[in-house]
Amino acid sequence: EPEVTQTPSHQVTQMGQEVILRCVPISNHLYFYWYRQILGQKVEFLVSFYNNEISEKSEIFDDQFSVERPDGSNFTLKIRSTKLEDSAMYFCASSVGPHGYTFGSGTRLTVV
Amino acid sequence: QQQVKQSPQSLIVQKGGISIINCAYENTAFDYFPWYQQFPGKGPALLIAIRPDVSEKKEGRFTISFNKSAKQFSLHIMDSQPGDSATYFCAASPWNTDKLIFGTGTRLQVFP
């Protein structure tokens with residue numbers, strides 16, 4: 001069964017550093033998403049991406065965040081200057097159409 | 001108004017029993033209601049979904065019941081098995097977007 005692949009599975013970074021979280025969506029999918037889950041809390045929407053541009057973003061997705069699909073297969077989330085409160089599990093998801101996403105297994109980001 | 005309230009927070013069921021998880025919403029713009037299953041260390045996986053023009057949807061042992069007038073929907077797991085032990089999230093999506101708003105999750109434990 002096709003999978004959404006996320007790397008790395010765990011990333012530790014110092015506060016103020018830039019991090020890039022990587023995702024390889026399922027190959028024929030057209031819609032891409034990032035969500036995050038702070039430990040023990042609910043899954044929260046960050047951003048959706050379609051047709052090479054952001055289609056929607058949440059209040060969490062401020063100027064410190066950016067997304068890119070640099071080469072037609074990867075989909076990245078960049079956090080420019082990490083804060084302690086950015087520590088969370090970040091999930092990438094993709095879908096053929098709106099809804100019915102497949103999520104990846106996540107990247108656990110720990111900011112120290 | 002964008003919230004989805006989920007209960008209970010945790011649920012313990014004996015093998016063979018029925019597990020019932022409830023969700024409620026306020027926003028009448030929601031028109032897609034999926035349930036996700038999440039195992040430790042994995043991303044959420046789509047289990048079953050319903051739209052408000054249907055009051056019930058069944059897939060195998062999993063059934064969604066939907067009450068549009070009460071703005072409530074629930075997941076029933078029949079003949080619960082230890083392998084069903086996971087965290088379950090309800091979610092909702094407004095008609096004009098593909099982002100998901102998740103409930104807070106229910107940790108289900110099924111004992112033999």
Side-chain angles (χ1 to χ4, degrees), chain A residues 1-10 21 23-26 29-51 53-61 67 75 88-108, chain B residues 1-10 21-25 27 29-54 57 59 62 64 66 73 86-107:
Chain A
E1 191 169 328
E3 286 185 343
V4 174
T5 305
Q6 289 188 245
T7 55
S9 56
H10 190 189
L21 309 183
C23 170
V24 179
I26 294 171
H29 285 188
L30 301 174
Y31 294 76
F32 312 107
Y33 309 89
W34 284 100
Y35 282 76
R36 79 173 185 189
Q37 185 178 30
I38 294 171
L39 188 62
Q41 297 186 26
K42 64 181 177 182
V43 180
E44 298 176 293
F45 170 78
L46 292 178
V47 66
S48 57
F49 190 88
Y50 170 72
N51 204 23
E53 60 183 21
I54 290 174
S55 44
E56 189 170 359
K57 59 185 180 180
S58 72
E59 291 173 355
I60 303 167
F61 194 90
V67 290
F75 181 50
M89 182 75 93
Y90 287 80
F91 291 106
C92 173
S94 69
S95 60
V96 172
H99 303 137
Y101 321 160
T102 301
F103 281 89
S105 293
T107 293
R108 179 170 298 285
Chain B
Q1 242 206 343
Q2 287 280 323
Q3 284 187 339
V4 178
K5 294 182 182 176
Q6 183 171 347
S7 63
Q9 196 172 353
S10 63
I21 306 170
N22 300 298
C23 284
Y25 64 97
N27 190 347
F30 289 152
D31 78 340
Y32 173 73
F33 302 89
W35 284 89
Y36 281 82
Q37 179 188 56
Q38 186 180 29
F39 292 106
K42 296 291 186 183
L46 179 63
L47 204 53
I48 186 172
I50 199 167
R51 293 208 181 259
D53 52 345
V54 178
K57 183 173 181 181
E59 287 183 7
F62 300 93
I64 300 180
F66 186 83
F73 58 111
T87 299
Y88 291 81
F89 292 95
C90 63
S93 181
W95 67 271
N96 59 344
T97 176
D98 51 352
K99 77 176 180 188
L100 291 175
I101 294 148
F102 281 83
T104 47
T106 296
R107 188 178 172 212

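What you see below is based on every heavy atom in this structure, not just the backbone, and it leaves out hydrogens, waters and symmetry mates. Note that the structure is a prediction, hence the values are computed from the model and not measured. Order of the sequence lines sets the chain letters (A, B, ...), proteins ahead of strands, with each chain counted from 1.
Checked options B:Phe89, B:Tyr88, B:Phe62, B:Phe73; the residue passing with B:Trp35 is B:Phe73 (criterion: ring-ring contact (aromatic ring centres under 6.0 Å, His included)).
Using a 4.5 Å cut-off between heavy atoms, B:Gln38 contacts chain A through its side chain alone, with no backbone atom that close. Only the side chain of A:Tyr31 comes within contact range of chain B, with heavy atoms under 4.5 Å apart. Proximity to chain B is absent for every atom of A:Thr102, based on heavy atoms less than 4.5 angstrom apart. Contact of A:Gln6 with chain B is not made at all, since no heavy-atom distance falls under 4.5 Å. For a residue to count as touching a neighbouring chain, one of its non-hydrogen atoms must lie under 4.5 Å from one of that chain's; by this rule B:Phe39 does not touch chain A. Looking at B:Pro44, both its backbone and its side chain come within 4.5 Å of chain A, counting heavy atoms on both sides.
For an aromatic pair to be called close, the ring centres must be under 6.0 Å apart, and A:Tyr101 with A:Tyr35 satisfies this.
Interface remark: of the candidates B:Gly43, B:Ser93, B:Ala49, B:Ala91, B:Gly43 forms the most heavy-atom pairs closer than 4.5 Å to chain A.
Relative orientation of the B:Tyr25 and B:Phe66 rings is parallel, given thresholds of 30° and 60° on the angle between their planes.
Residues B:Leu46 and B:Tyr36 come closest through the heavy atom pair N-CD2, 3.3 Å.
Under the 4.5 Å side-chain criterion, counting only non-hydrogen atoms from C-beta, A:Pro98 is not in contact with A:Tyr50.
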Check against side chain to side chain contact (heavy atoms under 4.5 Å, CB included), B:Phe30 and B:Ile101: CA-CA 10 Å; B:Phe30 289 152; B:Ile101 294 148; 3.6 Å; yes
